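Written out below as structure tokens is the structure these notes cover.
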Amino acid sequence: MSAILPPSERVWWNQPIDKLEFIWIAIAFVWSLTMFGMMIWWHIYGNQNLANETYKTTKEMFAAKAQAVVDQYTVRTETDKQVPVVKPPAGSDIYLIGRLWDWWPIYELEKGKTYKLHLSAMDYMHGFSLQPQNINIQVHPNYDHVVKITPTQAGTYSIVCNEYCGIGHHTMVGRMYVK
Amino acid sequence: MADQEERIPVMQKWLDNPFLLVFLGVAMPTVLYIVWGVMEIANIPVAR
Amino acid sequence: MATTYRICPRSGLQFDTAAEKLMRFHAVAGVLALLVGGIMALGVILTRWPAIKLLPADTFYMVLTAHGIDMLIFWIIFFEMAVLIFASSTLLRCRLAMPKLAWVASILMVIGAIMTNVAIFQGESSVMFTSYVPMQAKPHFYLGLILFAVGALLICFIFLGTLVVAKAEKTYEGSIPLVTFGALTACIIAIFTIASGAIILIPTFLWSLGYIREIDSLMYRVVWWGLGHSSQQINVSAHVAIWYAIAAIVFGAKPMSEKVSRTAFFLYILFLQLASAHHLLSDPGLSSEWKIVNTSYFMYFAVLASMIHGMTVPGAIEQAQRLKGYNKGLFEWLRKAPWGNPAFSSMFLSLIGFGFLGGISGVMMGAEQLNMLIHNTIYVPGHFHATVVIGTTLAFMGLTYFLVPVLFKREVLFPGFAKIQPYLFGLAMYVVALVMMGAGTLGVSRRHWDMAFAGAPMAYEWPGAAYLMMGLTGIFSCIAIVGGAGWILQIVLSILFGKKLEEGELRSTPIPLTLPAPTTGSKVHPPATPGTMVLALIFLTAFILYYFVNWKYLSSLWGLS
Ligand code: HEM
Ligand SMILES: [Cu+2]
Ligand SMILES: [Cu+2]
């Protein structure tokens, strides 16, 4: 019963290490460094890196910026709630608001073009979960998170809220079109 | 009893010292995770 | 300090009577929390099972909050306190430092646990165990957690105090046992964990009372996860220590190398807690440098340590078995292991499940960019049911089978059920973890009342496979709940009605440890462990494949920069 007893050798540090054990440690070490390198490598060569560009903002300021884009580029509205569908020019700044309990507005983007998507919340935290792409980003109130996105497939996408935000959490689903 | 005279290696001495370990185990994450992280948040620029 | 010591006739362990009472107290408190959490699990799963959808939304979120807190915080930490006391006073054969203070701490913990539960079940604190601001719970929700944490912190100090007592009173020679060293690791991580908790929960408590106007949500998440994730690292250290303990108790296994195993724990002490960053990889405002250094435990040094433990525990068992003559082929040692002994089978299922399911998925989703694939999906609970249920809970359950006769002095009732219980609970949980991860890979959200989005103007339709996975989660969760409830019933009934066993000799002075003479003279070379190496290589292959499959998946997403 020796793992529950003090080591039987007074100087255990100098005891030799079993050969297979040593080989395993070496393999595990190499694998650890590989995984570490992988994240850095992806920053250089990969195309899916979450931007860290972030600003402190206020709910009013962010809402005003979103409103400005909506006022300028709305092409139609959808559903009973008259959610604006906004078609901004490629390369522009677009603002998505998460609030109890919807994502506002709906954007219509062009395939292959890059947009600067700003994410922020008006009340609690929300979770931006783009389906069926499966891109998931945490959305905070009072922070403006700028993510450059380049849609690569056309289609109709849903934005599910996947951060618990109260009793209506399951009704918080938005939409995004890629043409 | 030659073993008795053998000096205890430094690493073994460190691992036998719980308070040194407590210090390291609290200092490392406090500096690398909490302090660094909080500083980054404090330095986020304000939107205009 | 006048206390007495009891030599357990079944294990030869020596218990300080005061410490023994505390251990029993914490074990029982933990099992009660597990009972409440388990009943809540039933509510959670019968609601998430799309075909049943039992509870209304508000009740579901309340029940889920209670499930998270009672399981993750109360059950596990109460039990861990018992482990700390055991690993210090019992294994070092000395008196517990400051037993009166320990009682004060334990009472605080119980008051805290009750207070938080009351707050949750009053219904206005359904904020999940993470209690992210700006969603607000009632003040006593936070206060209960704070009291619980203060109590736990005091017991950590008592653990350290007991190490000092043992050293001063020379109740052991040389270094502390490896299992105690593992417990020390857990204790150190607990101190950081609880300090982070204090830094964030005390202001949040004041905010809920109206003394502070606002708490920044990002700051909250960073500091809160210093508590939330590090407490999982307490569990890892504690259950790894228990793996070593059970291997030693059941097989008389000797660690392959004290140096390697202790160095691995040392890596845990230095780096394991950085992994709190796992939860912030898809958050704004933190640099990639911070994310990469922290999420990778510096440079995956803590993963390295876990891979070491994952090999040295079965390796030690293989050596012990081979020395007993189970030497045929690669795996006779494993085939001839006592699969009917629930302490062993729990420990082995815990080890394999923790490594293959919890470990691989955890490292995958802990990669900075890959995290985006599963952040906040039900993949995350899938992963941590493999770590904290299969890894920690199952290991604790296995240890309890050993503790009932030794600590509670009762015979375990229903030995037939005990034989299958680890498989029933453990294997069902393997499937639950897997299918939750499957559903999460398809994008299904966690903490979500209705995957059909009833009432949403623009509902999304999940693929049929996602519904299938959630249905399977339902079925296998129910099997796991039967296994878990059976364990609780069995342990409680054994403690109350099991055959009383002999107390053992009571003494007023402790007997110091006497070690077997050092084996320097007649060095038997311990046998090699090819079987364990093969298992380890299978593990590595699965790890590498799964890791790169997910990078491939990531590369198919929209461009993000
Ligand atoms: C048979 C037993 C169990 C079953 C069937 C079960 C089932 C579940 C399910 C389905 C969820 C996800 C709910 C959701 O996100 O919508 C969940 C969440 C959770 N479970 Fe369990 N669980 C069990 C035991 C445990 C144990 C033993 C622990 C801890 C030691 C635990 C800790 C948690 C935690 C921390 C959460 C997260 C709660 C949250 O998101 O706030 N569970 N459980
Ligand atoms: Cu939401
Ligand atoms: Cu939500």
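None of these values were measured; they are calculated from a predicted model. In what follows, every chain begins at residue 1, and chains take the letters A, B, ... in the order their sequences are listed.
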Distance from Q12(B) atom CD to R262(C) atom CZ, nearest 0.5 Å? 8.0 Å
Quick check against the 3.5 Å criterion: does Y33(B) have a side-chain atom that pairs as donor or acceptor with the backbone of V222(C)? yes
So for F265(C), is it side chain, backbone, both, or neither that comes closer than 4.5 Å to the heavy atoms of chain B? neither
Return the minimal non-hydrogen interatomic distance between L286(C) and I41(B), and the atom names on each side. CD2-CG1, 4.1 Å
Contact part of E289(C) toward chain B, heavy-atom cut-off under 4.5 Å: side chain, backbone, both or neither? both
Contacting region of S196(C) [heavy-atom separation from chain B under 4.5 Å]: side chain
In terms of heavy-atom contacts, Q273(C) and G25(B) come closest through NE2-O, 3.0 Å
Honestly, the part of L163(C) sitting under 4.5 Å from a heavy atom of chain B is side chain
Against chain B, label L184(C) side chain, backbone, both or neither, depending on which of its atoms sit under 4.5 Å from a heavy atom there. side chain
Does any heavy atom of chain B fall under 4.5 Å from the side chain of F298(C), the backbone, both, or neither of them? side chain
Please look at I189(C) and chain B and tell me whether the side chain, the backbone, both or neither of the residue comes under 4.5 angstrom of a heavy atom of that chain. neither
Are the side chain of E40(B) and the backbone of W290(C) linked by a donor-acceptor contact shorter than 3.5 Å? no
